[in-house]
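For reference, the structure is listed below as structure tokens.
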Amino acid sequence: MDTSTIIWIIVGIVVVIAIVVVAVLMTSRRRREAQLESERRKANELRQNAYESDVARREREADAAAAAAAAKQAEADAMQAKLESERLTRESAAHQADAQKLRTETDERLRKADEVDPDVARDEDAAHAEAATARADDRTAVQDERVADRDVRAEAHDERAAAHDDRVAARDEQAAAQRDGTVRDERVALDEDAATAEQRRDTETGRRI
């Protein structure tokens, strides 16, 4: 093998090695770029998730703040309503006291007017007389009701006595019928015994039956 052939073989080997090295470098570079791109995408996803979490956190904080404000407003409204209710209660009590006072004053003035008016005394006497008459009528009505009640009780007693008499008569009739039946049974038994005795005597004496 001459020198030129060896040189070309060496050159070919070097070229092949260079091509392999370049291919390896290019593949490694592409792999590195792909890895970097994957890491960039993952970092972007993490940032997006963090952003979304932060937005959700801010919304929750806003909702919590709104709920707290609403609770404070409701508490303030409840306190205001309680104060208003207490105020209205005090006003109602004051109005009732005033009304009672005015009613008392009115009754007192009417009483004094009745004491001064001479016609009221006659009206009162007539009213007393009517009340006495009504009481007498009530007593008479009560007495009449008692008499009617006594009559009703007497009628009920008479009806119970009549029912008792009917039951006694029925028992007597049943006892009489039972006695008659017993007497008939005894008579039948006696007749049967007599017939049996006569037949026995006829048999003993040899008489033809």
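V15 and V24 fall into different hydrophobic clusters, where Ile, Leu, Val, Met, Phe, Trp and Tyr side chains are chained together by heavy-atom contacts under 4.5 Å. If you chain together hydrophobic residues whose side chains sit under 4.5 Å apart, I19 and V11 fall into the same group. Note: the hydrophobic cluster containing L25 does not contain V16 (ILVMFWY, side chain heavy atoms under 4.5 Å, direct or indirect links).
Between K72 and E75 no salt bridge is recorded (no basic side-chain N to carboxylate O distance below 4.0 Å). Salt bridge E33/R30: absent, no basic N to carboxylate O contact under 4.0 Å.
The neighbour count for R47 CZ, taken as heavy atoms of other residues, nucleotides or ligands under 6.0 Å away, does not exceed 12.
Residues passing the side chain to side chain donor-acceptor pair (under 3.5 Å) test with E61, sequence neighbours excluded: R57.
E105 places a side-chain heavy atom less than 4.5 Å from the side chain of R109.
Atoms CD and OG1, on E108 and T106 in that order, are 10.5 Å from each other to the nearest 0.5 Å.
Residues N44 and Q48 bring no donor and acceptor atom of their side chains to less than 3.5 Å of each other.
Listed by first then second residue, pairs satisfying side-chain hydrogen bond (donor to acceptor under 3.5 Å, both in side chains) with a partner in residues 88-99 read R87-E91, not counting sequence neighbours.
Side-chain atoms of D54 do not come within 3.5 Å of backbone N or O of A50 as any donor-acceptor pair. A donor-acceptor pair under 3.5 Å links the side-chain atoms of S53 to the main chain of N49, judged by distance alone. Between the side chain of T27 and the backbone N or O of A23 there is at least one donor-acceptor pair closer than 3.5 Å.
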